[in-house]
Colleague: 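Handing you this structure, nothing more for now.
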Amino acid sequence: MGTDPAAFKQASDGLLAILILGGGADSLQRAVITAALPIVWELVTHRTSGALSGWSLALMIGLIHNPLVLSQLGGQLSYGLALLLILMPSMPSWKLAVWIQVISLPVLLVATAQWHALSLAVNLIVAPLFSWLLFPVTMIGAIFGTQVPGIASSCEWLLVNFQTWLDWVSHWPGLLVLGQPNAIWAWGLSLLSLWLLRTSTRRYRRLLVLAYGCFILSMRFPLHGAVQFIDVGQGDSILIRQPFNRQVSLIDTGGRLHFPKPHWQDDGLTPKARVETITVNYLHRLGITHLDTVYLSHKDVDHIGDLGELLRLMPVKRVVVPAGMAHLDKFQKLLQPAKQPPIVMEALAGQTFVDGLTAVHPFRPGRAENEDSLVLTGVFGQRRFMFTGDLDRAGERAIIARYPQLRVDVLKLGHHGSKTASDPEALQQLGVRQGILSVGRHNRYGHPNQETLTTLANLRIETYSTALQGMITYRFFNHRQGQWQTFLKEGNRYQRTASVKNDSQR
């Protein structure tokens, strides 16, 4: 027997009402289409087993509308969980909630690298509340709210308080940073989960738990180390990880420079710090939950401006600053948001640290200006790196005078490639082979300066730029020579190079 036309009309009207009340969001469109097509299929074919065919048709429509829908978290969860509901229609609600967690976990880890241990319990509470309370309240408010203001305000009060409760629950303890699985791990965990759904035995449950255990160990104790120049725009932030994460250090945090805006441009919104949206997010994807050491080269905002937000979001054991900086009011204010105050150390040339770095500047306490920058050097994967902050040419010449035998393979170029740094004599004596420019796209300072680029070209120094290549990574295994990798989050090298050339021609 087919679906009764009256029942079909009633169901379609209900789905249309849900779509309108929900504002027509893409995720809601997918849900409505996926729910409606099985009904249409049954009405047209007069077959009662049309759910899977309807789901297939909904997926094809979704792919035509957005070919990348299955590469997005919303699309993966929408179609994947809908398929689970179709394949397991008679499963008890609590058991279904468990399976939803198991099937969706690899997808969530790829998207967020985190999982909350209380999510299962919250889902068991929220699902019936939505069906029996929240949706009816929304309908009542939409239908009668325009005629009876008291009903509208009551419904709004209930929905706002429910959202407040969800926000409160989201801050409960139990958020676990597991790391982001690569494609092999993601597919392996997903296929094991689906196989367990088909053959739920103790053996396969243990196999799935073992697989997750191996994945977490591989994230927490990687075999390789890395030196990574993070693309934080106009500023510096460099992550250094030893093999097995024996030591995890960050040199500078980056920070956004704020300039006065005309009144008509001020929207009253404060953008999130890049350390939250980029750096901490990336650390979580690596499975890193704390930092051993944060080095701060000097007091400029584009180097230390996001320190307070970093300390609020992630535990840091120690903060190392150039001698003379620890008591500056600007620095002390940045320590206040820390949940666990770090140990603060001041450094002078000659000091060595447990992560393999050695300070070669400053020689005396200062005021943490550019000329007082903390300069660090260390050997990683058979290459010696030097990180110079915003040190000027006079400081570079002072370093080669004090350490005449010092040789450097990779130099983080001083002051973002400004002509105030990168002294040709210093570059030549150090024997620099590769230079890293940490600069923002379309920055108002004109970094890097053409004079510096000419110097690098004349000395045949291979140059990488975060403005052109995004994140720049040197990955190594113990004491073996490593490999360079670059990653652009958006656009490509040609687009970025073309945009920089166009800017220079204006």
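These numbers were taken from a predicted model, which means no experiment stands behind them.
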Colleague: Is the closest side-chain heavy-atom distance between Ile240 and Phe380 below 4.5 Å?
Modeller: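 Yes, close enough: below the 4.5 Å cut-off.
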Colleague: Just checking, any donor-acceptor pair under 3.5 angstrom between side chains of His298 and Asp390?
Modeller: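 There is such a pair (donor and acceptor under 3.5 Å, judged by atom type) between the side chains of His298 and Asp390.
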Colleague: Just grab all the side chain to side chain donor-acceptor pair (under 3.5 Å) pairs involving residues 345-359, residues at least two apart or on different chains.
Modeller: Ser249-Asp355, Tyr295-Asp355
Colleague: Taking side chain as C-beta onward, heavy atoms only, is Pro222 less than 4.5 Å from Arg241?
Modeller: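 Heavy-atom side-chain distance check passes, below 4.5 Å.
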Colleague: Looking only at non-hydrogen atoms, find the nearest pair between Pro181 and Trp185 and report the distance.
Modeller: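 Looking at all heavy atoms of both residues, the shortest contact is CB-CB, 3.6 Å.
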Colleague: Give the minimum heavy-atom separation between His290 and Ile288, together with the two atoms involved.
Modeller: O-CG2, 3.2 Å
Colleague: Donor-acceptor pair, Thr455 side chain versus Glu451 backbone, under 3.5 Å?
Modeller: yes
Colleague: Using atom types as modelled and distance alone, determine if a side-chain donor or acceptor of Thr289 lies under 3.5 Å from a backbone N or O of Gly287.
Modeller: no
Colleague: Do Lys317 and Asp292 sit within salt-bridge range, that is, some charged N less than 4.0 Å from a carboxylate O?
Modeller: yes
Colleague: Determine whether a donor-acceptor pair (N or O, by modelled atom type, separation under 3.5 Å) exists between the side chain of Arg433 and the backbone of Arg460.
Modeller: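 Checked: no pair found.
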Colleague: Quiz question: by atom type and distance under 3.5 Å, do the side chains of Tyr464 and Glu462 form a donor-acceptor pair?
Modeller: yes
Colleague: Hydrogens and angles aside, do Asp252 and Ser237 bring a side-chain donor and acceptor to less than 3.5 Å of each other?
Modeller: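 The criterion, which ignores hydrogens and geometry beyond distance, is not satisfied for Ser237 and Asp252.
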Colleague: Begin from the C-alpha positions of Asp302 and Tyr445 and carry the test side chain to side chain contact (heavy atoms under 4.5 Å, CB included) through to its verdict.
Modeller: CA-CA 13 Å; Asp302 57 336; Tyr445 307 100; over 6 Å; no
Colleague: Under 3.5 Å, side chain of His116 to main-chain N/O of Leu118, donor-acceptor pair present?
Modeller: yes
Colleague: Are there more than 12 heavy atoms of other residues, nucleotides or ligands under 6.0 Å from atom CD of Gln428?
Modeller: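 Result for CD/Gln428: open.
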Colleague: State the CG-NE2 distance between Leu374 and His361, to the nearest 0.5 angstrom.
Modeller: 9.5 Å
Colleague: Counting only heavy atoms not in Phe221, do more than 12 fall under 6.0 Å of its CZ?
Modeller: no
Colleague: So does Trp187 have more than 12 non-hydrogen atoms from other groups sitting under 6.0 Å from CH2?
Modeller: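 Atom CH2 in Trp187 is not crowded, with 12 or fewer foreign heavy atoms closer than 6.0 Å.
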Colleague: Any side-chain heavy atom of Asp392 within less than 4.5 Å of one from Asn370?
Modeller: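 A side-chain contact is absent here, since even the closest heavy-atom pair is not under 4.5 Å.
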Colleague: Are Leu348 and Phe363 close enough, and set up right, to give a side chain to side chain contact (heavy atoms under 4.5 Å, CB included), and what steps lead you there?
Modeller: CA-CA 6 Å; Leu348 285 172; Phe363 306 134; over 6 Å; no
Colleague: Going by distance alone, is a donor N or O of one side chain under 3.5 Å from an acceptor N or O of the other, for Arg384 and Thr377?
Modeller: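 Their side chains do contain a donor-acceptor pair, which is all the 3.5 Å distance test asks for.
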Colleague: Measuring from Leu427:CG to Arg393:CZ, what's the distance to the nearest 0.5 Å?
Modeller: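 Nearest 0.5 Å value for the CG-CZ distance: 8.5 Å.
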Colleague: Mind checking the CD1-CG spacing from Ile251 to Leu239? Nearest 0.5 Å is all I need.
Modeller: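 It comes to 9.5 Å.
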Colleague: For Ile278, does its backbone N or O pair with a side-chain atom of Asn281 as donor and acceptor, under 3.5 Å?
Modeller: no
Colleague: Taking ring-ring contact (aromatic ring centres under 6.0 Å, His included) as the cut-off, I'd like each qualifying pair that reaches into residues 416-438, sequence neighbours left out, listed once.
Modeller: His303-His416, His416-His447
Colleague: If you compare all heavy atoms of Leu328 against all heavy atoms of Ala368, which two are closest, and at what distance to 0.1 Å?
Modeller: CD1-CB, 4.0 Å
Colleague: Run the side chain to side chain contact (heavy atoms under 4.5 Å, CB included) test on Thr473 and Thr486 for me, step by step, so that the C-alpha distance in whole Å, both residues' side-chain angles and the decisive distance to 0.1 Å come before the verdict.
Modeller: CA-CA 6 Å; Thr473 301; Thr486 62; over 6 Å; no
Colleague: Which distance, rounded to the nearest 0.5 Å, do you find between the CG of Leu208 and the OH of Tyr212?
Modeller: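 Between atom CG of Leu208 and atom OH of Tyr212 there are 5.5 Å.
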Colleague: If you compare all heavy atoms of Leu223 against all heavy atoms of Pro243, which two are closest, and at what distance to 0.1 Å?
Modeller: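 Looking at all heavy atoms of both residues, the shortest contact is O-CB, 3.4 Å.
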Colleague: May I ask you to test the Ser418-Thr452 pair for a side-chain heavy-atom distance under 4.5 Å?
Modeller: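 No, their side chains stay 4.5 Å or more apart.
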Colleague: Distance only, no hydrogens: is a donor on one side chain within 3.5 Å (strictly under) of an acceptor on the other, for Gln485 and Arg475?
Modeller: yes
Colleague: With distance as the sole test, does Arg407 use its side chain to make a donor-acceptor pair with the main-chain N or O of Gln429 at under 3.5 Å?
Modeller: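 Confirmed, Arg407 side chain pairs with Gln429 backbone.
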Colleague: Out of curiosity, Lys419 NZ to Leu453 CG, how far, rounded to the nearest 0.5 Å?
Modeller: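 Rounded to the nearest 0.5 Å, the NZ-CG separation comes to 13.0 Å.
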Colleague: Please check: side-chain N/O of Thr388 versus main-chain N/O of Lys412, any donor-acceptor pairing under 3.5 Å?
Modeller: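 Judged by distance alone, yes, a pair lies under 3.5 Å.
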Colleague: My understanding is that only residues two or more places apart in sequence, or in another chain, count here; which of them pass side chain to side chain donor-acceptor pair (under 3.5 Å) with Arg397?
Modeller: Asp423
Colleague: If we only count heavy atoms from C-beta on, is the Pro341 to Leu335 side-chain gap below 4.5 Å?
Modeller: no
Colleague: Taking the side chain as everything from C-beta on, heavy atoms only, tell me whether Val294 gets closer than 4.5 Å to Thr253.
Modeller: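 Result yes, sub-4.5 Å side-chain heavy-atom pair found.
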Colleague: Among residues at least two apart in sequence or on other chains, which ones pass side chain to side chain donor-acceptor pair (under 3.5 Å) with Arg367?
Modeller: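 With neighbours one apart ignored, the set is empty.
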Colleague: Taking Gly233's backbone N and O only, do any of them form a donor-acceptor pair with Arg256's side chain (distance below 3.5 Å, no angle check)?
Modeller: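 Side chain of Arg256 to backbone of Gly233, a donor-acceptor pair under 3.5 Å: no, none is there.
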Colleague: By the side chain to side chain donor-acceptor pair (under 3.5 Å) test, which pairs, at least two apart or in different chains, include something from residues 319-342?
Modeller: none
Colleague: Does Gln180 use its side chain to pair, donor to acceptor, with the backbone of Leu286 at less than 3.5 Å?
Modeller: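 No: the side chain of Gln180 does not pair with the backbone of Leu286.
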Colleague: Minimum heavy-atom separation for Ala421 and Leu391, please, with both atom names.
Modeller: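 Heavy-atom minimum between the residues: CB-O, 3.4 Å.
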Colleague: Is there a donor-acceptor contact under 3.5 Å from the side chain of Asp306 to the main chain of Glu309?
Modeller: no
Colleague: Is the distance between the ring centroids of Phe385 and Tyr474 less than 6.0 Å?
Modeller: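 Judged by ring-centre distance (under 6.0 Å), Phe385 and Tyr474 do meet the cut-off.
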Colleague: Measure from the ring center of His284 to the ring center of Tyr282 and say whether it is less than 6.0 Å.
Modeller: no
Colleague: Kindly write out the residues that satisfy side chain to side chain contact (heavy atoms under 4.5 Å, CB included) with Ile343, not counting sequence neighbours, or none if the list is empty.
Modeller: Arg318, Met345
Colleague: Indicate whether the side chain of Ser119 and that of Gln101 have a donor and an acceptor atom separated by less than 3.5 Å.
Modeller: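 Indeed, the side chains of Ser119 and Gln101 share at least one donor-acceptor pair under 3.5 Å.
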Colleague: Can you measure from CD (Gln247) to OG1 (Thr293) and round to the nearest 0.5 angstrom?
Modeller: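 Here the rounded value is 6.0 Å.
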Colleague: Under 6.0 Å from the CH2 atom of Trp165, do we count more than 12 heavy atoms belonging to anything else shown?
Modeller: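 Atom CH2 in Trp165 is crowded, with more than 12 foreign heavy atoms closer than 6.0 Å.
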Colleague: Under 4.5 Å between any side-chain heavy atoms of Leu413 and Ile436, yes or no?
Modeller: no
Colleague: Step by step, would you call Leu194 with Ile103 a side chain to side chain contact (heavy atoms under 4.5 Å, CB included)?
Modeller: CA-CA 7 Å; Leu194 291 172; Ile103 299 299; 3.9 Å; yes
Colleague: I want to check something: taking the side chain as every heavy atom from C-beta on, are Leu406 and Ile400 in contact at a cut-off of under 4.5 Å?
Modeller: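 No, every pair of side-chain atoms sits at 4.5 Å or beyond.
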Colleague: Check Ala349 against Tyr403 and note the closest heavy-atom contact, atom names and distance.
Modeller: CB-OH, 3.6 Å
Colleague: If only side-chain N and O atoms count, and only distance matters, is there a donor-acceptor pair under 3.5 Å linking Gln434 with Arg383?
Modeller: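 The answer is yes; a qualifying pair exists.
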